[in-house]
Amino acid sequence: MSFSSQVKDELSRQLSPARHCRIAEIAAIISLCGRVQISENDRYRIKITTENAAVARKYFTLLKKTFNISTDVSIRRGAEKRSSHTYTVGISSHEDSMRVLQAAKLIDRHGEIEENLSLAQNVVIMQSCCKRAFIRGAFLAAGSISDPEKFYHFEIACASEAKALQLQGLILTFGLDARIVQRKRYYVVYIKEGSQIVDILNVMEAPVALMELENIRIVKEMRGSVNRQVNCETANINKTVSAAVKQMEDIAFIRDTVGFDVLPDGLQEIARLRLSRPEATLKELGEALDPPVGKSGVNHRLRKLGSMAERLREQRPGKQA
């Protein structure tokens with residue numbers, strides 16, 4: 001089971017005790033994956049279609065617990081063997097459909113299907129708990145979360161820009177940075193920051209998925225921190241080794257061209273010590289001198305030897321000015 005399916009399965013088992021929150025969740029599910037059918041004699045019927053059994057089960061339970069109405073459930077198998085099933089949950093009774101539509105504010109007093117998308121005026125989502133329920137229903141109906149082991153991405157696809165803006169506004173009330181992008185004929189509300197996806201899981205009240213995502217984030221951050229530290233240490237080692245190799249080349253060149261006898265005592269001492277201890281750090285070289293010298297002092301002497309080696313190379317016969 002994918003992480004997204006795990007989240008939906010957890011949310012499908014979470015049932016709010018408050019009727020107004022259940023209505024908000026029903027409104028979101030109908031709004032994002034439902035259709036309202038009207039017959040020639042003005043009889044209404046509501047149908048939602050989903051490929052996720054958990055979503056169908058949650059919608060069925062919400063209707064039963066909230067309105068105590070009967071629903072028609074059908075399952076259609078895909079043409080291919082491994083194709084997913086499609087679940088349809090319908091309310092065939094006109095009276096029951098009207099009760100649901102009126103409670104969810106998806107129909108006006110004249111019987112016109114016109115969703116109230118105003119955040120300020122839609123009484124279904126006025127309270128914070130109902131906002132949570134609406135976002136939860138929207139995710140169940142048309143949302144997905146990527147595998148956090150690979151990357152972080154949360155999204156809910158909306159059929160219209162108005163619905164996307166409403167959903168974005170609801171998420172923003174919880175201090176989360178939700179954005180909208182158009183993808184083909186859909187408007188997608190998405191969140192990409194890992195910590196904010198943890199927060200949206202908290203908003204939707206999915207504690208198990210939240211803890212799993214947090215554990216994955218901690219491991220990934222620790223792994224990233226270790227990798228950065230190893231890379232930094234490797235770079236420092238490479239830098240130190242390269243510097244030591246260059247120092248030894250310079251010292252060997254001085255020895256083979258003019259000898260160490262022309263060097264002051266301090267430079268002779270560090271030159272011989274570096275040749276005998278090619279793997280030593282500047283600190284170790286300084287501690288081995290008599291008297292001991294600090295890292296900056298050792299570095300100063302080695303730089304003097306490097307400059308001298310460069311001058312000698314410039315003076316070699318055949319070297320052009």
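Keep in mind the model is a prediction, meaning the values are calculated, not measured. What you see below is based on every heavy atom in this structure, not just the backbone, and it leaves out hydrogens, waters and symmetry mates.
Side-chain heavy-atom separations under 4.5 angstrom define the hydrophobic clusters, and M1 shares its cluster with no other residue.
In summary, E149 and K220 do not engage in a salt bridge, as defined by a charged side-chain N under 4.0 Å from a carboxylate O.
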Sequence neighbours left out, cut at 3.5 Å: what donor-acceptor pairs do the side chains of residues 302-311 make with other protein atoms?
unit_1: S307; atom_1: OG; unit_2: R303; atom_2: O; d: 3.1
unit_1: E310; atom_1: OE2; unit_2: R313; atom_2: NH1; d: 2.9

Which side-chain N or O atoms in residues 188-202 pair as donor and acceptor under 3.5 Å with protein atoms at least two apart or in another chain?
unit_1: K192; atom_1: NZ; unit_2: H153; atom_2: ND1; d: 3.1
unit_1: Q196; atom_1: OE1; unit_2: D177; atom_2: N; d: 2.6

Can I get a per-line list of side-chain donor-acceptor pairs under 3.5 Å for residues 285-297, giving both atom names and the distance, sequence neighbours left out?
none

Mind listing the side-chain donor-acceptor pairs of residues 44-57 below 3.5 Å, one per line with the distance, residues two or more places apart or on another chain?
unit_1: Y44; atom_1: OH; unit_2: G111; atom_2: O; d: 2.5
unit_1: T50; atom_1: OG1; unit_2: N52; atom_2: N; d: 3.1
unit_1: E51; atom_1: OE1; unit_2: S84; atom_2: OG; d: 3.4
unit_1: N52; atom_1: OD1; unit_2: A54; atom_2: N; d: 2.8
unit_1: N52; atom_1: OD1; unit_2: V55; atom_2: N; d: 3.4
unit_1: R57; atom_1: NH2; unit_2: D9; atom_2: OD1; d: 3.3
unit_1: R57; atom_1: NH2; unit_2: S12; atom_2: OG; d: 2.9

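Evaluated for a salt bridge (charged side-chain N to carboxylate O under 4.0 Å, His left out) with E205, the options R132, K131, R136 yield exactly one hit, R136.
No more than 12 heavy-atom neighbours from other residues, nucleotides or ligands sit within 6.0 angstrom of CZ on R179. The local environment of CG in N238 is crowded, with over 12 non-hydrogen atoms from other residues, nucleotides or ligands closer than 6.0 Å.
Here the closest heavy-atom approach between residue A178 and residue Q168 is recorded as O-NE2, 2.9 Å.
Although no hydrogens or angles enter the test, the distance criterion places no donor-acceptor pair under 3.5 Å between the side chain of E233 and the main chain of V230.
Partners of T66 according to the side chain to side chain contact (heavy atoms under 4.5 Å, CB included) rule, which considers only residues two or more places apart in sequence or in another chain, are R19, R22, I23, I26.
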